Student: 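First, the structure itself, so that you have it in front of you.
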Amino acid sequence: MKQNAEVYISYAWGDKTKKGRQRQVVFDDVFKVLGDSKLDVIVDFEAIKYKDSISKFMAKLGTASYVVIIVSDKYLKSKSCMFEVTQILQRKELHKRVYPLILGDVDIYSSSGIKSYLEYWQTQINVLEEQINSMENKSYARPIYEELDLFHEIR
């Protein structure tokens, strides 16, 4: 990475569980090391100000030259985190710009682990489809359809 380069960090934050605290320690360590290296570290909670567009931030993260992804079980089950991944995947050269850190609570190296994440997102899809089907007037369901499309892309 070039000195003074922008480096985005994508991770799942915001819970007080033991795993949440462990994720925070990893994030804090990565944030400090990158910051000490004179890199311009960009994270959502600092970059997004009141009334800023979260979607625009996520799209910019997707096109960034450097992205560190702290992958946890919560990350792989987070709509927001997985939206960021869809944005990252749209730009090529992943091996040159994306630096994944896989935490111990993730099982993406076995078929049963992969299957469990596929099943998780299929369940989310099923819930949204049930919500849509239960609506009397589907003309108001546009946001649900958009979320459904995202969930299909994630799965």
Side-chain angles (χ1 to χ4, degrees), residues 1-125 127-128 143-155:
M1 286 185 218
K2 300 177 199 168
Q3 200 168 10
N4 297 326
E6 288 186 341
V7 180
Y8 285 76
I9 301 176
S10 176
Y11 80 110
W13 53 273
D15 65 73
K16 305 293 183 196
T17 65
K18 182 178 178 181
K19 286 182 181 180
R21 289 189 299 275
Q22 290 170 339
R23 282 193 312 275
Q24 189 64 44
V25 167
V26 172
F27 167 82
D28 291 342
D29 289 347
V30 169
F31 187 81
K32 182 180 181 342
V33 167
L34 292 175
D36 289 350
S37 300
K38 306 288 190 259
L39 296 167
D40 187 9
V41 182
I42 301 169
V43 291
D44 55 1
F45 61 84
E46 288 184 350
I48 301 172
K49 305 299 182 217
Y50 180 67
K51 289 195 172 188
D52 282 353
S53 169
I54 295 170
S55 298
K56 284 183 182 175
F57 172 82
M58 291 177 174
K60 188 169 181 187
L61 179 150
T63 63
S65 295
Y66 303 104
V67 182
V68 174
I69 303 174
I70 301 174
V71 183
S72 63
D73 183 68
K74 181 177 180 182
Y75 188 93
L76 292 174
K77 293 177 179 175
S78 163
K79 176 177 77 170
S80 296
C81 293
M82 295 310 292
F83 176 75
E84 290 176 359
V85 170
T86 66
Q87 299 302 294
I88 292 166
L89 291 173
Q90 288 180 13
R91 182 166 171 224
K92 304 300 180 208
E93 298 183 318
L94 297 176
H95 66 284
K96 290 182 181 180
R97 61 190 200 85
V98 178
Y99 299 84
L101 301 174
I102 312 299
L103 301 187
D105 66 343
V106 175
D107 183 8
I108 57 171
Y109 299 109
S110 71
S111 56
S112 63
I114 293 167
K115 180 179 178 271
S116 72
Y117 291 112
L118 292 171
E119 288 172 345
Y120 174 84
W121 286 104
Q122 185 60 54
T123 299
Q124 302 309 304
I125 289 167
V127 167
L128 288 181
I144 300 172
Y145 280 115
E146 289 172 358
E147 191 167 286
L148 181 62
D149 289 343
L150 173 62
F151 289 1
H152 278 288
E153 187 175 357
I154 291 169
R155 188 201 56 210

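Just so you know, residue 1 is the first one in the sequence shown, and it goes up from there. If you're wondering where the values come from, they're calculated on a predicted model, not measured in any experiment.
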Student: Relative to the ring of Y99, is the ring of Y66 parallel (under 30°), tilted (30 to 60°) or perpendicular (over 60°)?
Tutor: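 Taking Y99 first and then Y66, their aromatic rings sit tilted (interplane angle of 30° to 60°).
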Student: Taking atom CD of E46 and atom NZ of K49, what is their separation to the nearest 0.5 Å?
Tutor: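 One finds 7.0 Å between CD of E46 and NZ of K49.
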Student: When rounded to the nearest 0.5 angstrom, what distance separates CG in D149 from CD1 in I154?
Tutor: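 Reported to 0.5 Å precision, the distance equals 11.0 Å.
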Student: Please find the pair of heavy atoms, one from F83 and one from M58, that lie closest to each other, and give the distance.
Tutor: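 Reported closest heavy-atom pair: CD2-SD, 3.2 Å.
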Student: So which of I69, L34, V67 actually passes side chain to side chain contact (heavy atoms under 4.5 Å, CB included) with I9?
Tutor: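 The single option meeting the side chain to side chain contact (heavy atoms under 4.5 Å, CB included) with I9 is L34.
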Student: Just checking I54: does its CD1 atom have more than 12 heavy atoms from other residues, nucleotides or ligands closer to it than 6.0 angstrom?
Tutor: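 Check fails, neighbour count at 12 or below.
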Student: Please round to the nearest 0.5 Å and tell me the distance separating atom CD of E6 and atom CG of L39.
Tutor: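 Answer rounded to 0.5 Å: 10.5 Å.
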Student: Using the rule given for side-chain contact (heavy atoms from CB on, under 4.5 Å), can you reason through M82 versus W121, listing the C-alpha separation, both sets of side-chain angles and the distance that settles it, and then say yes or no?
Tutor: CA-CA 11 Å; M82 295 310 292; W121 286 104; 3.8 Å; yes
Student: Do you know which two heavy atoms are closest between T63 and R91, and how far apart they sit?
Tutor: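 The answer is O-NH1, 2.7 Å.
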Student: Is it true that the side chains of S53 and S55 contain a donor and an acceptor less than 3.5 Å apart?
Tutor: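 Distance-only check fails for S53 and S55.
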Student: Please step through side-chain contact (heavy atoms from CB on, under 4.5 Å) for the pair L61 and S10, ending with a clear verdict.
Tutor: CA-CA 8 Å; L61 179 150; S10 176; 4.2 Å; yes
Student: Counting neighbours of OH on Y109 that are heavy atoms of other residues, nucleotides or ligands and sit closer than 6.0 Å, is the number greater than 12?
Tutor: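 Count not over threshold, so no.
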Student: Shortest non-hydrogen contact from R155 to I125?
Tutor: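 Heavy-atom minimum between the residues: NH1-CD1, 3.4 Å.
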Student: Only counting residues at least two apart or in another chain, list the ones meeting side-chain contact (heavy atoms from CB on, under 4.5 Å) with A12.
Tutor: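 Only R23, S72, K74, Y75, C81 meet the side-chain contact (heavy atoms from CB on, under 4.5 Å) criterion with A12.
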Student: From Q24 CD over to R21 CZ, what is the distance, rounded to the nearest 0.5 angstrom?
Tutor: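 Reported to 0.5 Å precision, the distance equals 11.0 Å.
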Student: Among residues at least two apart in sequence or on other chains, which ones pass side-chain contact (heavy atoms from CB on, under 4.5 Å) with A47?
Tutor: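 Here the qualifying residues are I42, F57.
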Student: Holding to side-chain contact (heavy atoms from CB on, under 4.5 Å), I want the full list of residues that pass it with V26, two or more places apart in sequence or in another chain.
Tutor: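 Expected list: V30, I70, L103.
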Student: Are the charged groups of D36 and K32 less than 4.0 angstrom apart, N to O?
Tutor: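 Yes, charged N to carboxylate O under 4.0 Å.
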Student: With side-chain contact (heavy atoms from CB on, under 4.5 Å) as the criterion, how do D73 and Y117 come out once you've worked through the C-alpha distance, each side chain's angles and the decisive distance to 0.1 Å?
Tutor: CA-CA 9 Å; D73 183 68; Y117 291 112; 2.7 Å; yes
Student: Determine the interplanar angle of the Y11 and F27 rings, folded into 0 to 90°, and report it as parallel if under 30°, tilted if 30 to 60°, perpendicular if over 60°.
Tutor: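 Ring orientation of Y11 relative to F27: parallel.
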Student: Starting at CG of L118, measure out to OG1 of T123 and round the result to the nearest 0.5 Å.
Tutor: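 Spacing of CG (L118) from OG1 (T123) equals 10.5 Å.
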Student: side-chain contact (heavy atoms from CB on, under 4.5 Å) between K79 and F151: does it pass, once the steps are laid out?
Tutor: CA-CA 8 Å; K79 176 177 77 170; F151 289 1; 3.6 Å; yes
Student: Enter the distance from Q124:CD to H152:NE2 here, rounded to the nearest 0.5 Å.
Tutor: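 Result: 12.0 Å between the selected atoms.
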